[in-house]
Amino acid sequence: MQQLGEIIINGLKNMNKIKKIKSRLNQCYHWINQIKSYNLFYWYRGIENSLGREVNTNGRKMIMMGSYDYLGLSQDPEVKEAVSKAVLKYGSSTGGPRLLSGTLELHEELENAIAEFKGTEAAVSFNSGYLTNLTAISTLFGKGDLIILDKFDHTSIYDGAKLSGADIQIFGHNDFIALEEILETSDNYNNVLLVLDAVYSAVGSIAPLPKIIELTKKYNVMLYLDEAHSLGVIGEKGKGIDSHFGINNKEIDILMGTLSKALASIGGYIAGSKELVNFLKFFANGIVFSGSPPASITIAALTALNLMEKDDSRLKRLWKNIEHYKSGLNEMGYNTMETESAVVPILIENEGVAIEMTQYLDKEGIFTSPFIYPAVPRNTARFRTCMTASHTSEQINRVLDVFEKAGKKFDLI
Ligand code: PLP
């Protein structure tokens with residue numbers, strides 16, 4: 001399977017070197033067909049129906065190990081009922097952008113609820129988490145500014161920084177000596193922004209916020225944190241990274257989050273000062289020039305947020321499940337990297353082995369996707385599995401059992 005790994009990697013490496021777009025499209029088409037010919041294609045798998053922790057694909061029941069529905073709220077009866085009622089009351093679309101005809105009172109209710117939950121003055125929602133980073137960073141910053149990124153930041157942050165036109169400096173993951181060297185020479189910019197994932201999606205670790213704030217204060221730079229994988233997972237009632245460290249979030253200029261993970265919907269938000277939110281509402285093209293989310297999407301996130309705040313039993317179950325799962329993997333000898341969250345990576349290293357192992361896991365009824373270069377560095381292929389509050393102990397034991405057999409088969413443990 002080494003060969004398939006090489007085909008995938010070489011195809012990715014060479015794709016952008018092909019200058020003519022038509023040739024690039026043809027090359028990509030040929031490359032995907034070549035991968036498919038191995039009958040080991042585990043991307044874009046169609047799900048026929050879902051109970052969250054359990055899905056059906058190709059007529060087979062599988063345990064879902066790749067879902068970000070951390071608290072299992074997408075299947076909660078209250079959330080489902082609220083969504084059904086909203087469709088009957090509002091229809092399926094808003095028919096316009098927020099600025100013009102597409103603002104529902106529900107959008108404002110959700111934004112107020114997010115601001116209250118996060119303890120900020122205000123919040124504004126976007127159509128996706130990706131769009132939030134892309135739009136917010138590129139609207140707020142531009143030429144004459146410096147944006148500093150951790151190597152492991154999410155692609156949407158990189159894309160937002162590139163679109164902004166600001167200078168970009170990247171430091172090695174959590175390498176604060178390198179970060180300080182960049183900060184020491186950042187005097188000449190109009191604005192300097194440090195953007196970090198609160199929980200790193202490729203390794204599951206939590207950003208060391210106290211150290212980061214020490215540096216942003218020392219050098220007087222702005223801080224933007226992406227809470228895609230921390231909201232609903234860490235802190236009191238899942239309030240996120242500031243609550244986890246007991247830090248007043250006035251020290252964080254811009255708090256970003258997604259609605260597509262613990263909040264069981266789709267969308268993103270920026271929370272912060274009322275001036276920041278007001279500015280984005282009028283100048284962020286991703287809001288102003290894009291149709292607004294329908295009521296069903298908005299009420300799903302709002303209901304999930306209310307449930308999260310009211311009852312932390314799902315959060316407790318999530319952490320019990322994480323401990324069960326992670327300790328089981330570690331006892332077998334798997335490397336789960338730096339994880340401190342519901343993202344539990346399982347390091348495989350070789351890309352070909354990761355793909356072949358996906359086939360084994362798939363046959364055994366475990367749904368997980370290989371995570372390979374360029375999403376992660378070469379030879380650090382992994383399964384980025386995710387734990388949720390809704391997995392049962394029996395399911396976790398079953399997954400551990402399959403990973404044990406797979407690990408022995410592929411000489412990993
Ligand atoms: N930020 C991080 C850290 C993510 O991991 C993701 C997606 O997984 C996003 C942003 C994009 O969010 P969404 O999937 O809601 O568009």
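These figures come from a predicted structure and were not determined experimentally. Both counts, for ligands and for their atoms, begin at 1 and track the order of listing. The chain is numbered in sequence order, starting from 1.
Residue contacts with ligand 1 leave out Gly268, since none of its heavy atoms falls under 4.0 Å from the ligand.
Glu105 CD: 12 or fewer foreign heavy atoms inside a 6.0 Å radius.
Looking only at protein heavy atoms, the nearest one to atom 9 (C) of ligand 1 is His154 CE1, 3.4 Å. The shortest contact between atom 5 (O) of ligand 1 and any protein heavy atom is with His229 NE2, 2.6 Å. For atom 14 (O) of ligand 1, the closest heavy atom belonging to the protein is Lys261 NZ, 3.2 Å. Protein heavy atom closest to atom 1 (N) of ligand 1, with residue, atom name and distance, is Asp226 OD2, 2.6 Å.
A donor-acceptor pair under 3.5 Å links the side-chain atoms of Ser341 to the main chain of Gly204, judged by distance alone. Trp43 places no side-chain N or O within donor-acceptor distance of the main-chain N or O of Ser369, the cut-off being under 3.5 Å. Counting only distance, with no hydrogens or angles, the side chain of Asn10 and the backbone of Glu6 share a donor-acceptor pair below 3.5 Å. For Asn321 (side chain) and Thr388 (main-chain N/O), a donor-acceptor pair under 3.5 Å exists by modelled atom type.
On a distance-only criterion, Gly129 and ligand 1 share at least one N/O pair closer than 3.5 Å.
The Ser201 neighbourhood of ligand 1 comprises atoms 5 (O), with distances under 4.0 Å to a heavy atom of that residue. Remark: ligand 1 atoms within the under-4.0 Å shell around heavy atoms of Thr258 are 12 (O), 15 (O). Short contacts between ligand 1 and Ser260, defined as distances under 4.0 Å to a heavy atom of the residue, involve ligand atoms 13 (P), 14 (O), 15 (O). Interface of Ala228 with ligand 1, defined as ligand atoms under 4.0 Å from a residue heavy atom, comprises 1 (N), 2 (C), 3 (C), 4 (C). Listed by number with element, the atoms of ligand 1 under 4.0 Å from a non-hydrogen atom of Asp197 are 3 (C).
Every pair tested for ring-ring contact (aromatic ring centres under 6.0 Å, His included) that includes a residue from residues 107-132 fails, sequence neighbours excluded, so the list is empty.
By the 4.0 Å N-to-carboxylate-O rule, Glu48 lies too far from Lys61 to be salt-bridged with it. A salt bridge links Glu214 and Lys211; the closest N-O separation between the charged side-chain nitrogens and carboxylate oxygens is under 4.0 Å.
In this structure, of Tyr200, Tyr68, Tyr130, the residue bringing a heavy atom nearest to atom 16 (O) of ligand 1 is Tyr130.
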